[in-house]
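Note that these values count all heavy atoms, side chains included, but never hydrogens, waters or copies made by symmetry. All chains are named by letter (A, B, ...) in the order of the sequence lines, taking the proteins before the strands, and each is independently numbered beginning at 1.
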Amino acid sequence: MNAKVADRVATGVFIVIAFIIVSVLIGLFSFILYHGFQHVSLKFLTTPSSNMSAGGGIRDQLFNSFYVLFITMLITVPLGVGGGVYMAEYARPGRITNIIRSCIEVLASLPSIVIGLFGLLMFVTLTGWGYTILGGALALTVFNLPVMVRVTEDAIHSVPRDLKEASLALGITHWHTIKTILLPSAFPTILTGGILAAGRVFGEAAALLFTAGLSTPRLDYTDWNPFSQISPLNIFRPAETLAVHIWSINTQGLIPDVDAVSNGSAAVLILSVLLFNLLARWIGSLIHKKVTATK
Amino acid sequence: MVTEMKDYTPNIEVQKENILNVNNLEIFYGEKRAVNGISMDIEENTITALIGPSGCGKSTFLRSINRMNDLIPGAFAKGEIIYEGLNILSNNINVGALRKEIGMVFQKPNPFPKSIYENITHALKFSGLKKKSQLNEIVEESLTKAALWDEVKDRLHESALSLSGGQQQRLCIARTIAMKPTVMLLDEPSSALDPISNAKVEELIVELKNDYSIVIVTHNMQQASRISDKTAFFLNGDLVEFDQTEKIFTNPSVKKTEEYISGRFG
Ligand SMILES: Nc1ncnc2c1ncn2[C@@H]1O[C@H](COP(=O)(O)OP(=O)(O)O)[C@@H](O)[C@H]1O
Ligand SMILES: [Mg+2]
């Protein structure tokens with residue numbers, strides 16, 4: 001086989017692979033959205049769920065998903081970026097650093113159900129909090145943190161050495177160089193890592209079952225005092241997220257319209273992830289453009 | 001012509017002051033010694049060229065003058081480099097302050113991925129300069145000195161990466177000038193540029209000699225002979241010969257130098 005033929009064959013193979021991936025994706029999306037949107041309505045999005053009877057919505061679950069995401073990212077991003085900066089810029093290359101790196105990798109590959117059980121022990125039983133949003137967010141942090149650290153470390157490593165040297169050669173300190181040169185240059189990659197981590201949070205059920213719980217108290221959306229028991233912002237209340245909701249109604253099967261609700265929830269979940277993705281990327285690129293003065 | 005009389009200076013070769021004294025400098029990368037105990041004096045307002053085949057320790061020496069080798073794990077230096085009465089290799093030197101006075105321009109243009117304006121103000125702001133009017137003034141002044149002002153004055157807030165390679169390198173020179181250094185270290189500053197940009201950068205370096213002491217590593221012997229006043233020839237980590245450029249290129253004292261100059265090796 002000569003080079004030209006090989007080239008054609010390779011191109012063909014890759015086109016077929018790309019085609020398969022794209023069609024699976026489109027098929028999946030249209031399936032979920034088609035079945036889901038028959039049940040999605042404003043009412044579906046704005047009524048609380050029902051335990052027994054038909055006609056329940058997903059208002060609280062939807063809110064919970066975003067709120068758990070927000071709290072998780074609030075903990076994960078600073079810790080993850082900080083850890084990544086440490087690994088890339090401060091940790092001396094050597095045995096200990098390599099051990100830390102391996103630990104991070106192992107942590108990243110733990111099954112989420114194991115993390116859920118760990119969370120149950122740590123953040124539910126040991127702390128005595130019971131099922132809480134904070135407990136859920138901490139459990140999710142456990143498995144998102146390694147990803148965030150790794151992504152940040154790689155992103156900083158991929159900033160050209162030249163830039164760091166240029167900044168240091170002007171008499172600028174290491175920390176200021178990290179803040180003003182390395183992190184801004186690494187920002188797009190770190191953002192992508194953050195978005196991936198966020199996607200995992202949206203979709204996660206196993207780690208939340210035992211930490212954030214399967215129920216949501218009756219919430220009053222006019223009460224914005226985070227210390228109030230019925231406030232949606234209270235981080236010490238149980239919170240069932242959308243993904244958990246889909247799982248629980250399907251396993252318990254007490255409501256008659258299980259299919260409708262779970263299809264609707266799935267569609268809303270997917271759309272939320274998509275919207276979140278696009279929004280994050282859009283805001284990210286605005287920030288990046290502003291920082292780098294590109295158009 | 002009374003005014004001219006006042007400025008009159010006798011036209012004799014004035015002995016220039018030394019700005020740097022290098023004594024017995026050795027530089028190691030771990031076990032490996034890259035510079036073998038060199039001594040030389042670097043004069044003020046002079047262009048000193050460092051020549052020699054690649055891998056002979058020119059960059060290593062240059063980067064030790066503003067402590068850039070500190071970044072390389074395992075690198076260390078012995079001996080002295082005296083600047084303003086201090087050994088800049090000693091541990092208690094404020095490296096940040098040193099690098100402001102001894103600036104460096106690298107082989108590959110490395111502007112920050114920020115606007116042209118911010119490339120200049122980045123370090124100024126860090127050193128505490130906040131006033132807009134003052135910053136504007138320094139930006140114009142340093143870009144003018146780097147012969148770049150006319151080309152960029154209407155696009156100061158565009159990305160520095162939109163400039164050509166030669167312009168980027170002049171921007172890097174401008175941003176070093178903005179710190180008002182006394183010494184500028186240039187490591188093959190024009191070797192990555194096209195001939196026209198190269199000529200511009202060379203012209204600029206000669207211009208800068210009036211205000212700064214310049215040490216330039218160059219791979220290009222024509223360049224060394226065109227622009228430098230003094231030339232140091234390095235070979236395998238040794239300083240083989242250091243003299244007036246004219247002498248090095250016309251009548252070197254050491255045979256190895258002559259062989260290198262005439263292109264017999266390297
Ligand atoms: N970071 C480094 N680690 C180990 N050895 C190095 C490093 N940088 C340079 N060297 C070695 O030091 C010697 C001098 O290198 P260098 O100063 O870059 O030479 P030049 O600039 O004259 O081409 C070379 O043998 C090179 O391999
Ligand atoms: Mg070199």
Side-chain angles (χ1 to χ4, degrees), chain A residues 85-101 152-192 284-295, chain B residues 62-63 65-74 94-128 155-162 168 171-172 175-181 184-187 192:
Chain A
V85 167
Y86 173 80
M87 294 297 289
E89 287 295 312
Y90 292 100
R92 279 163 193 275
R95 266 254 301 287
I96 298 184
T97 308
N98 286 340
I99 292 175
I100 298 180
R101 198 169 284 128
T152 305
E153 185 186 351
D154 288 347
I156 288 185
H157 275 312
S158 66
V159 177
R161 233 187 107 80
D162 293 14
L163 289 183
K164 182 179 166 186
E165 292 205 330
S167 179
L168 292 171
L170 290 166
I172 294 169
T173 54
H174 189 192
W175 169 234
H176 195 72
T177 299
I178 292 174
K179 249 186 350 189
T180 56
I181 303 295
L182 297 185
L183 280 178
S185 303
F187 175 74
T189 319
I190 296 177
L191 180 76
T192 305
S285 81
L286 285 188
I287 296 175
H288 189 65
K289 274 181 195 158
K290 184 148 173 28
V291 174
T292 58
T294 43
K295 293 215 183 78
Chain B
L62 195 75
R63 289 167 58 93
I65 304 177
N66 69 345
R67 296 277 296 264
M68 289 307 282
N69 286 336
D70 289 11
L71 302 186
I72 299 167
N94 176 346
V95 177
L98 175 76
R99 288 178 185 154
K100 262 184 235 165
E101 296 202 16
I102 305 186
M104 179 166 236
V105 175
F106 299 82
Q107 176 170 8
K108 219 173 109 229
N110 54 358
F112 302 125
K114 297 171 182 280
S115 72
I116 296 169
Y117 184 88
E118 287 168 310
N119 260 273
I120 311 266
T121 57
H122 176 64
L124 294 171
K125 280 187 180 158
F126 172 72
S127 61
R155 47 192 282 213
L156 289 176
H157 296 284
E158 283 175 32
S159 168
L161 303 180
S162 66
Q168 287 185 6
L171 178 63
C172 293
R175 114 189 132 180
T176 308
I177 292 175
M179 302 308 290
K180 305 209 165 30
M184 288 180 72
L185 310 172
L186 312 173
D187 195 347

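With a threshold of 4.5 angstrom between heavy atoms, B/F112 approaches chain A through its backbone and through its side chain. If you measure heavy-atom distances from B/P111 to chain A, the contacts under 4.5 Å come from the backbone alone. Heavy atoms closer than 4.5 Å to chain B are found in the side chain of A/I181, but not in its backbone.
A/G171 approaches B/F126 most closely through the heavy-atom pair O-CE2, 3.7 Å.
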Between chain B and chain A, which donor-acceptor pairs sit under 3.5 Å apart?
{"residue": "A/D162", "atom": "O", "partner": "B/N110", "partner atom": "ND2", "Å": "3.1"}
{"residue": "A/D162", "atom": "OD2", "partner": "B/K108", "partner atom": "NZ", "Å": "3.3"}
{"residue": "A/E165", "atom": "OE1", "partner": "B/R63", "partner atom": "NH1", "Å": "3.2"}
{"residue": "A/E165", "atom": "OE2", "partner": "B/R63", "partner atom": "NH1", "Å": "3.3"}
{"residue": "A/E165", "atom": "OE2", "partner": "B/R63", "partner atom": "NH2", "Å": "2.9"}
{"residue": "A/T180", "atom": "O", "partner": "B/K114", "partner atom": "NZ", "Å": "3.1"}
{"residue": "A/A293", "atom": "O", "partner": "B/S159", "partner atom": "N", "Å": "3.3"}

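Within 6.0 Å of atom CG in A/L286, more than 12 heavy atoms from other residues, nucleotides or ligands are found, so the atom counts as buried in its surroundings.
Contact tally against chain A (heavy-atom pairs below 4.5 Å) for B/M68, B/M104, B/M179: the top residue is B/M68.
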